[in-house]
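Below is one structure, written out as structure tokens, with a few remarks after it.
The sequence lines fix the lettering, A, B, ..., with proteins before strands; numbering per chain opens at 1. Computed from a prediction, not measured in an experiment: that's the story for all the values here.
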Amino acid sequence: MLPHKQIELKLQAAVCAVLPDADVSAVLVRPCDPKFGDYQSNALMSLAKARKINPRQLATDTLAKLDVSDVCEKVEIAGAGFLNFRLKNSVLAQTLEAAARGEHLFFSQAATPKTVVLDFSSPNVAKPMHVGHIRSTGIGDALQRTLRLLGHRVISDNHIGDWGTQFGKLLLGWKNILDRPALERDAIAELERLYKIINAECDANPARLDEAKAELVKLQAGDAENISIWKEMIRLSQIQFDTIYSRLGVKFDHALGESFFNPWLGEVVNELLAKNIARESEGAVGVFSDGSQPPKEDPFLVNRDGEWAADPALVRKSDGGFNYTTTDLATVDYRLKTWSPNEIVYVVDDRQSGHFKKLFLIFGRWKPAAAKTTKLVHVGFGKIMGDDGKPFKTRSGDTVKLGDLLDEAVERAYKTVCEKSAELPEAQRREIARVVGLGAVKYADLLPNRQSDYIFSWDKMLALQGNTAPYLLYAYARIKSIFRKSAETANIQHPTPNIQLAAPEELAVARHLLNFGLTLEAVADEYRPNFLCNYLFELAVHFSRFFENCPVLKAEDAATRDSRLALCDLTARVLKQGLETLGIETVEQM
RNA sequence: GCGCCUGUAGCUCAGUUGGAUAGAGCAUCUGCCUUCUAAGCAGGUUGUCCCGGGUUCGAUUCCCGGCGGGCGCACCA
């Protein structure tokens, strides 16, 4: 067990001894400013506050019941009632030695593994994947990797947009103005062309719109020709998705598109009607407020000119068609029945938060028992903006295609690699550029707090200094370089390492390594990969200082050298594991 | 109009149960490559945490009211 966890458990026991009825689940030990110690707990102050007792007295009483002398120096009470813990140097070294023997990598498996359905990426058939998809795909994949690393069971499901009204227009276009050679050259571009032309025609000409609707009705009725064209459009789109996902290294367990849930939509609506959760209104069927919460917080109500008016979630249109709320409900039901998850997590643009609020409330009314055991979570994120502060577009004002974006990132990285490492063979420079370019895009997307919009900047993500993927990859490559040199040198052996921490730079790296697991847990709890980005950046900074100040291969003696080699190796392993968890590859040399 | 999100250094952004003197990168200035990769390191400068109240030992964080920005508001997803 990692030292901070030992301290935490003992502290909780001590608090129990002093305050037997206290809820100690919030009594936590967190890393803190090094001037105070390695770890700190401020939980006693809030406990004391709730009980109106003197916090310093509580700290003193707790400390009397607390014996952490096996792992810590003397515990200090500071300020209004902080407890400051400083690890014994020997404990730090032992923890690192255990890691060097492969017993752990500074994190542990979750005590109670969860089953989590992760819904992310969700591109649309017949449309190019664009820059917006990087967010859902990257964040979702990082969460998938983090949860799995911590021992949770993850079912990732790509809820592809393969059904809906747009297919009426696409079918009309396919039948009338399809350019076969163009389709073979670039299927998605051709499908996009069809859609744009027909869409414009429909806007201008109601008769054309009726034709499109007729094609859609035929498709929904199972017309053989329309079904086969529709399937072909899905197949062509899937090729595009697969190409992108393979470049990004993203994998899904399932890709159950919207159409998969078609058979159950009518049933869902009937059930909602039967249970009086939904009712008819203006020919459509919708779920309305049940008055269970104050109007201000009720998403089924909207205030118009001082009056509270209904703002229902429609589940069946007046023409008999279904809405995406219906599909999402059928999807929830399927997931419950198939995987019995503890959580279903949707990694979707924040703009859809209203939809999810309604969806989750309907779920609670529709499946009250399941709602007690399964938590639905919307992990939202902001938009990507251009440097003009407006949504990120190409110069000509089009959306930026994801494939083009990745190409450009790799190309820009290639130019830099050629400047910095001209001596490396061409193929290796290409490979470095691929890893650095893709890594830079992913890292830049994961670094900001997901809920805020961020400004997309080639220069920032590939500037190769500061908090960027290239900086982290560079730190990793520098470590690997030491080991290449070490292998070249005769007479150097690395037996079971005996870790000795003396220099402040060594201690800083060592302490930071110990917090890897805490960081992973925070990422999983809050669904925030940016915590891991910042952790890895700090690790790289600590390592770079160590690298500058502490010679490894030229250390004063063999014991120091071997200890430092072990520290290098552990740093490399955490960097690699951490980057991998963000979906970013590493290179041995750059 | 109503609701949701947001406002932190010149710029781009972090800020983990409310916690100690609010941090990083960029930019800018100054040093450091016959020594393991200088895509690096060391140091200097940088703040009305939008404004005003409230809660309390303590507020960038929580509550209320303003102001500014973004987004969403019945048959698209």
Side-chain angles (χ1 to χ4, degrees), chain A residues 25-28 30-33 35-36 40 42-43 45-46 48-49 55 78-82 122 124 161 164-166 258 281-286 296-297 299 301-306 308-319 321 323-325 327 349-355 357 380 382-383 385 387 389 416-417 419-421 436 447-449 451-455 457 459-460 463-468 470-471 473-475 477-486 518-519 521-522 525-526 528 530-531 533-534 537-538 541 544-545 547-549 551-554 568 589-590:
Chain A
S25 63
V27 176
L28 302 176
R30 296 280 100 124
C32 67
D33 191 321
K35 68 191 165 202
F36 299 125
Q40 177 172 89
N42 56 35
M45 289 182 281
S46 32
K49 181 172 193 160
F82 297 97
S122 314
N124 291 313
T165 48
Q166 75 271 24
E258 292 168 1
S281 167
E282 298 172 29
V285 175
K296 256 190 99 160
E297 288 156 33
L301 292 178
V302 62
N303 193 312
R304 292 213 176 87
D305 304 323
W308 290 105
D311 185 22
L314 296 191
V315 291
R316 195 169 73 200
K317 300 190 278 184
S318 49
D319 67 1
N323 305 69
Y324 77 143
T325 301
T327 311
D349 192 323
D350 251 338
R351 281 174 289 195
Q352 294 196 34
S353 62
H355 163 67
K357 242 175 227 167
K383 299 182 296 299
M385 316 295 266
D387 47 20
T416 309
V417 176
E419 281 167 27
K420 304 281 183 187
S421 308
V436 171
L447 179 63
N449 182 329
Q451 69 204 33
S452 50
D453 297 342
Y454 78 89
I455 294 184
S457 160
D459 292 339
K460 290 246 160 56
L464 317 183
Q465 331 124 350
N467 194 347
T468 63
Y471 177 84
L473 292 170
Y474 180 67
R478 292 218 284 186
I479 300 175
K480 286 296 156 177
S481 172
I482 294 176
F483 283 94
R484 272 194 307 278
K485 282 273 173 7
S486 136
L518 275 170
T519 306
E521 286 163 18
D525 288 346
E526 312 271 327
R528 289 188 191 278
N530 66 310
F531 291 162
C533 295
N534 286 320
F537 174 66
E538 284 161 17
V541 169
S544 297
R545 288 175 188 155
F547 184 89
E548 297 288 333
N549 290 291
V552 178
L553 297 177
K554 288 169 185 164
C568 286
Q589 213 173 333
M590 66 185 274

Using a cutoff of under 3.5 Å, can you pull out all pairs of nitrogen or oxygen atoms linking the protein to nucleotides 29-34 of chain B, with atom names and distances?
none

Please enumerate all protein N or O atoms sitting under 3.5 Å from an N or O of nucleotides 64-66 of chain B, with distances to 0.1 Å.
none

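Checking B:G40 for Watson-Crick or G-U wobble geometry (two distances, each under 3.5 Å) identifies B:C32 as its partner. Both distances falling under 3.5 Å, in either a Watson-Crick or a G-U wobble arrangement, occur for no nucleotide opposite B:G58. For B:G72, the paired nucleotide is B:C2, the pair qualifying as Watson-Crick or G-U wobble because both relevant distances are below 3.5 Å.
Taking atom CG of A:D349 as the reference point, atom C1' of B:C5 lies 11 Å away to the nearest angstrom. To the nearest angstrom, P of B:C2 lies 17 Å from NZ of A:K357.
Not a single donor-acceptor pair under 3.5 Å links the side chain of A:D350 to the backbone N or O of A:G382.
Candidate nucleotides B:A77, B:C73, B:A39 were compared by shortest atom distance to the side chain of A:V302, and B:C73 ranks first. The side chain of A:F537 approaches B:G25 more closely than any other nucleotide in the set B:A39, B:C36, B:G25. Side chain of A:L553, nearest nucleotide from B:C36, B:G40, B:A20: B:C36. Residue A:D311 places its side chain closer to B:A74 than to any other of B:C5, B:A74, B:C57. Set against B:C5, B:C76, B:U35, the side chain of A:T165 has B:C76 as its closest nucleotide.
Centre separation under 5.5 Å together with a plane angle under 30° holds for the ring of A:F82 and the six-membered base ring of B:A20, marking them as stacked. Taking a centre distance below 5.5 Å and an interplanar angle below 30 degrees as the stacking criterion, A:Y324 stacks against the six-membered base ring of B:A77. Both geometric conditions, a ring-centre gap below 5.5 Å and a plane tilt below 30°, are not fulfilled together for A:F547 over the base of B:G40.
Among the atoms of the strands shown, base atoms are found under 4.0 Å from some heavy atom of A:S281. As judged by a 4.0 angstrom heavy-atom cut-off over every strand, A:A475 is placed among residues making no nucleic acid contact.
The gap from the C1' atom of B:C29 to that of B:A20 amounts to 32 Å, rounded to the nearest Å. Taking atom C1' in both B:A24 and B:C49, the straight-line distance is 15 Å, to the nearest Å. Taking the C1' atom of each, B:U46 and B:U56 are spaced 32 Å apart, rounded to whole Å. Atom name P, nucleotides B:C26 and B:G7: the rounded distance is 23 Å, in whole Å.
Side-chain contact check for A:L314 versus A:T325: every heavy-atom pair is 4.5 Å or farther apart. Using a 4.5 Å heavy-atom cutoff, the side chains of A:Y474 and A:S544 are not in contact. Counting heavy atoms from C-beta on, the side chains of A:C533 and A:L447 come closer than 4.5 Å. Looking at heavy atoms from C-beta onward, A:N534 lies in side-chain contact with A:N467 at the 4.5 angstrom threshold.
The shortest distance between the side-chain N/O atoms of A:R351 and the OP1/OP2 oxygens of B:C73 is not below 4.0 Å. Side-chain N/O atoms of A:Y471 include one lying less than 4.0 angstrom from OP1 or OP2 on B:C41.
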Under 4.0 Å protein heavy-atom contacts per nucleotide of nucleotides 11-18 of chain B, with B for base, S for backbone only and - for none: -SSSSBBB
